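The block underneath contains the structure these notes are about, expressed in structure tokens.
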Number of protein chains: 2
Amino acid sequence: MSMAEYKGKVRNIQDTPFGYTMSVIGGKWKMVIIYLLAENQPVRFNDLKRQIGAITYKILSSQLKELEADGLVVRKEYPQVPPKVEYSLTDKAETLLPLLEELCEWGVKNRGV
Amino acid sequence: MSMAEYKGKVRNIQDTPFGYTMSVIGGKWKMVIIYLLAENQPVRFNDLKRQIGAITYKILSSQLKELEADGLVVRKEYPQVPPKVEYSLTDKAETLLPLLEELCEWGVKNRGV
DNA sequence: CTGTATCCCGGACGATACTG
DNA sequence: CAGTATCGTCCGGGATACAG
């Protein structure tokens, strides 16, 4: 299916596959998280927080939960003290990486133009 | 440049080329507008409103202004009574279309998975 | 016909303190 | 270490009325 099939039917972008994609990667920090995970997975919660810097625990937590709910991130909890949790990407997330690169490249070529 | 060059430097996705791309196409109706323009350009204001349906004049107007400011849409005004304005896509917007298709296709393949 | 003015709401995002 | 609770802010988006 392509956008062409939505001709005359699109009422709200949120209802299209495009809208789904945007909801999945549109969060303010999601791209950063996916990218950092792609580089270092699996990553622990605090490592992620440290690597990003300007994000609060609450936001990082909520974004990770959404990514997990959308099937992009796997959360693995180790039952020990102190707690240990590791995050990694799913195959679904891996298929998104080339697309994210393209979005990035388009931005490079066109921002400030 | 790729996302790889942001390793260790990314603090906020909004500051990256990716963030720029998202700001340009992330509006709730922007993709729909771009898509409709691609199919029928040039399009008049009320035609666009009619084709979309569930959007108010104000929102359509504001989204078009943002798209114009981002260099994706050209607004051509005809000095006549009653007023006539036509909108069409710039070359910059045309280069975005394949990417939008890909985002759409990823959504088709992965939503509900 | 093509908009703008005004007022408003909800949801994403955030700062800070606290907890098992 | 890995979060949650609480409270707050900001802004995209919207309803309705009005304007050139």
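Per chain, numbering begins at 1; letters A, B, ... match sequence-line order. All values derive from a computational prediction rather than experimental measurement.
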**Fill in**
Exactly one of A/Arg44, A/Gln51, A/Arg50 clears side chain to side chain donor-acceptor pair (under 3.5 Å) with A/Asp47, and that residue is A/Arg50
**Asked** Which heavy atom in A/Ile55 sits nearest to a heavy atom in A/Lys49, and how many Å separate them?
**Response** O-NZ, 2.9 Å
**Length of the line joining B/Ile55:CD1 and D/dA15:C1', which is rounded to integer Å** = 14 Å
**Asked** How many Å lie between CD on B/Glu66 and C1' on D/dG12, as a whole number?
**Response** 8 Å
**Prompt:** Toward the 5' end of DNA chain C, which comes first, A/Pro83 or A/Gly27, by nearest nucleotide?
**Reply:** A/Gly27
**Asked** Closer than 4.0 Å, any side-chain N/O of A/Lys28 to the OP1 or OP2 of D/dC11?
**Response** no
**Message:** Under 4.0 Å, counting only non-hydrogen atoms across every strand here, what does A/Tyr78 touch: a base, just sugar-phosphate, or nothing?
**Reply:** nothing
**Asked** Which atom pair, heavy atoms only, marks the closest approach of B/Phe18 to A/Leu100?
**Response** CE1-CD2, 3.5 Å
**A/Pro98 to A/Glu94 - nearest heavy-atom pair and separation** = CD-O, 3.5 Å
**Asked** Rounded to whole angstrom units, what separation is found between the OH atom of B/Tyr57 and the P atom of D/dC18?
**Response** 16 Å
**Request:** May I have the distance from B/Leu64 (atom CG) to D/dG13 (atom P), rounded to whole angstrom?
**Result:** 13 Å
**Request:** Measure the distance from CG on A/Asp47 to C1' on D/dG3 and round it to the nearest whole Å.
**Result:** 15 Å
**Message:** Any base atoms under 4.0 Å from A/Gln63, or only sugar-phosphate, or nothing? Heavy atoms, all strands.
**Reply:** sugar-phosphate
**Message:** Just verifying a value: how many Å separate A/Met22 CE and B/Met22 CE, rounded to the nearest 0.5 Å?
**Reply:** 3.5 Å
**Prompt:** Using 30° and 60° as the class limits, which term best fits the ring planes of B/Phe45 and B/Tyr57: parallel, tilted or perpendicular?
**Reply:** parallel
**Message:** If the cut-off is 4.0 Å, is B/Thr56 near the phosphate of D/dG13, judged by side-chain N/O to OP1 or OP2?
**Reply:** no
**Request:** Return the 5'-most residue of the pair B/Lys58, A/Lys84 with respect to DNA chain D, ranking by each residue's nearest nucleotide.
**Result:** A/Lys84
**Request:** Name the nucleic acid region contacted by B/Lys65, choosing base, sugar-phosphate or nothing; use a 4.0 angstrom heavy-atom cut-off, strictly under.
**Result:** sugar-phosphate
**Prompt:** For the pair made of CD1 in A/Ile59 and C1' in D/dT6, what is the distance, rounded to whole Å?
**Reply:** 13 Å
**Prompt:** Can you check the A/Lys49 NZ to D/dA2 C1' distance for me, whole Å?
**Reply:** 13 Å
**Item:** Distance test, side-chain N/O of A/Arg75 to OP1/OP2 of D/dG3, below 4.0 Å
**Value:** yes
**Complete:** For A/Ile52 and A/Leu36 the tightest heavy-atom approach is CG1-CD1, 3.5 Å
**Complete:** Counted 5' to 3', the first and last nucleotides of DNA chain C within 4.0 Å (strictly under) of a heavy-atom of chain B are C/dC1 to C/dC7
